[in-house]
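Have a look at the structure below before the remarks.
Just so we're on the same page: letters track the sequence lines, and every chain starts at 1. What you are looking at is a predicted structure, and each value in this text was computed from that prediction instead of being measured.
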Number of protein chains: 2
Amino acid sequence: MNLPPLVQTFVLHFGEMGSRWGINRTVGQIYALLYLSKEPLNAEDIVERLGVSRSNVSMGLKELQAWNLVRLQHRPGDRRDYFGTPDDIWQIVRTLVEERKKREIDPTMTLLREVLMQEPASAEERHAQERMREMHDLFELLTGWYADVQRLDTERLVQLLTLGSKVQKILEMKDRLFVVPGSKKSRRDDPKDK
Amino acid sequence: MNLPPLVQTFVLHFGEMGSRWGINRTVGQIYALLYLSKEPLNAEDIVERLGVSRSNVSMGLKELQAWNLVRLQHRPGDRRDYFGTPDDIWQIVRTLVEERKKREIDPTMTLLREVLMQEPASAEERHAQERMREMHDLFELLTGWYADVQRLDTERLVQLLTLGSKVQKILEMKDRLFVVPGSKKSRRDDPKDK
DNA sequence: CACACTTTTCAGTAAGTTCTGAAATTACAG
DNA sequence: CTGTAATTTCAGAACTTACTGAAAAGTGTG
């Protein structure tokens with residue numbers, strides 16, 4: 001591995017972190033390297049810096065492309081592929097969340113919906129279904145929230161996050177100001193609501 | 001594997017899902033099984049239902065305990081260990097997030113802080129450090145938000161999530177009502193702020 | 001304190017994954 | 001077209017992780 005010490009520390013760490021996720025070490029390292037690099041890199045650059053085989057880099061880049069985490073670019077008069085990450089780190093986060101949702105949450109929701117349609121054949125199954133419904137509803141709430149904030153532009157998103165639970169205070173204030181005593185709690189005006 | 005079809009579908013799915021995470025198939029299956037079960041189960045119950053070895057179950061349960069995801073219980077006049085999940089699914093989510101933060105975010109933050117202290121020795125390192133600072137700041141923002149909402153009780157948390165980005169609307173309203181023209185944007189009054 | 005029951009540990013093996021070098025394929029310049 | 005540079009594919013080797021059965025350690029009872 002042929003990298004400035006500072007860069008190497010980070011790259012190695014992300015290699016290990018990758019393993020904790022489903023992602024493999026080399027893929028983690030390639031991404032860390034591209035993330036830190038000012039200029040986009042070609043496959044051979046990556047081979048030299050990480051000291052792994054050319055084919056390994058090829059597969060790693062393919063995987064990162066499947067995740068939409070990497071941007072393919074070309075230089076005039078050079079037909080090699082160059083890879084880089086978005087300059088805006090928020091774009092990276094958005095992609096990551098989106099892709100993980102697609103791979104982990106969506107299939108689970110599909111399965112839960114299917115299973116919840118079935119007729120339970122015993123008390124045990126009835127209880128299991130009840131638990132699955134709790135999970136389904138929780139996921140629905142979370143993905144609904146996600147769909148909502150995901151649409152915000154970054155400035156507003158940062159604003160919202162910076163505020164944290166202080167929002168709560170403002171809500172209470174709002175309630176005190178506007179809610180008619182005895183009326184229902186305020187809720188999202190979802191068209192699906194009956 | 002000896003389970004009602006409905007339960008089996010779910011258990012198998014979580015086995016697969018486990019593999020996508022760092023978690024192994026058996027651990028995913030054990031957790032899914034415990035989650036769906038009305039009564040806590042002992043190791044032998046799990047062996048029978050999943051059809052895996054006793055030692056595998058023992059290791060799986062140990063891992064789940066290390067994650068704090070499983071509750072050890074006893075029955076009077078029975079010295080076997082029984083395992084169950086919290087009845088409240090929100091408690092499960094809170095534990096999951098907490099543990100993942102501890103294993104993935106915290107070590108990364110430590111590393112980032114260390115590396116950011118060092119003196120860059122080249123333009124390349126300077127740029128790399130800049131990127132790391134972006135990541136550091138982003139993680140700080142996210143963990144700050146998390147620390148904040150994590151303290152809310154579940155009812156208020158659900159309220160907040162249901163609201164989604166509607167919060168934004170209320171913020172704007174608040175701003176219109178209370179902000180003195182020309183003053184700074186509202187922000188979290190963090191004691192670390194200078 | 002010994003016995004029966006339960007859980008844990010561990011070494012060996014099975015299964016799965018990552019990685020490599022070589023071969024095949026693709027893309028383009030002349 | 002042809003030749004060269006670049007990328008991808010792939011079969012097998014190297015490595016890692018998961019799983020098992022057997023043995024060890026722990027735990028409560030009579």
Please tabulate, for side-chain N and O atoms in residues 54-61 of chain A, each donor-acceptor pair with protein atoms closer than 3.5 Å (sequence neighbours left out).
residue, atom, partner, partner atom, Å
A/Ser55, OG, A/Ser53, OG, 3.3
A/Asn56, ND2, A/Thr26, OG1, 3.3

Restricting to side chain to side chain contact (heavy atoms under 4.5 Å, CB included), what partner residues turn up for [X], sequence neighbours left out?
| X | result |
| --- | --- |
| A/Arg75 | A/Glu39, A/Pro40, A/Asp78, A/Tyr82 |
| A/Arg156 | A/Leu152, A/Asp153, A/Gln159, B/Gln168, B/Glu172 |
| A/Lys102 | A/Glu99, A/Asp106 |
| A/Asp87 | none |

Discussion item. Does anything in residues 35-43 of chain B come within less than 4.0 Å of DNA chain D? Heavy atoms only, and list the residues if so.
Written reply: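 Going residue by residue through residues 35-43 of chain B, none turns out to have a heavy atom under 4.0 Å of DNA chain D.
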Worksheet item: Is a side-chain donor-acceptor pair under 3.5 Å present for A/Glu98 with A/Tyr146?
Response: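 Note: A/Tyr146 and A/Glu98 side chains meet the donor-acceptor criterion.
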Worksheet item: What residues form a side-chain hydrogen bond (donor to acceptor under 3.5 Å, both in side chains) with B/His74, not counting sequence neighbours?
Response: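 B/Asp81.
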Worksheet entry | side-chain hydrogen bond (donor to acceptor under 3.5 Å, both in side chains) against B/Arg131, all qualifying residues, sequence neighbours excluded |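 B/Arg131 satisfies side-chain hydrogen bond (donor to acceptor under 3.5 Å, both in side chains) with A/Thr85, B/Glu134 once adjacent residues are dropped.
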Worksheet entry | Nucleotide interval of DNA chain C bounded by contacts with chain B (heavy-atom cut-off, under 4.0 Å) |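 Boundary nucleotides touching chain B, in 5' to 3' order, are C/dA4 to C/dT9.
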Discussion item. Going by the rule salt bridge (charged side-chain N to carboxylate O under 4.0 Å, His left out), which residues pair with A/Glu125 if we only count those two or more places apart in sequence or in a different chain?
Written reply: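 Per chain and number, A/Glu125 pairs via salt bridge (charged side-chain N to carboxylate O under 4.0 Å, His left out) with no residue.
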With a 3.5 Å cut-off and sequence neighbours excluded, list the donor-acceptor pairs that the side chains of residues 5-22 of chain A form with protein atoms.
residue, atom, partner, partner atom, Å
A/Thr9, OG1, A/Pro5, O, 2.9
A/His13, NE2, B/Thr108, OG1, 2.9
A/Ser19, OG, A/Gly15, O, 3.3
A/Ser19, OG, A/Glu16, O, 3.4
A/Arg20, NH1, B/Arg103, O, 3.1
A/Trp21, NE1, B/Glu104, OE1, 3.2

Worksheet item: Starting at CZ of A/Phe83 and ending at P of D/dT7, how long is that distance when rounded to a whole Å?
Response: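 Taking atom P of D/dT7 as the reference, CZ of A/Phe83 is at 7 Å.
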Worksheet item: Could you give the CG-to-C1' distance, from A/Leu61 to D/dA6, as a whole number of Å?
Response: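 It works out to 13 Å between those atoms.
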Worksheet item: Taking protein heavy atoms under 4.0 Å as touching, what does nucleotides 12-30 of chain D look like 5' to 3' if B marks base contact, S marks sugar-phosphate-only contact and - marks none?
Response: ------SSBB-----BS--
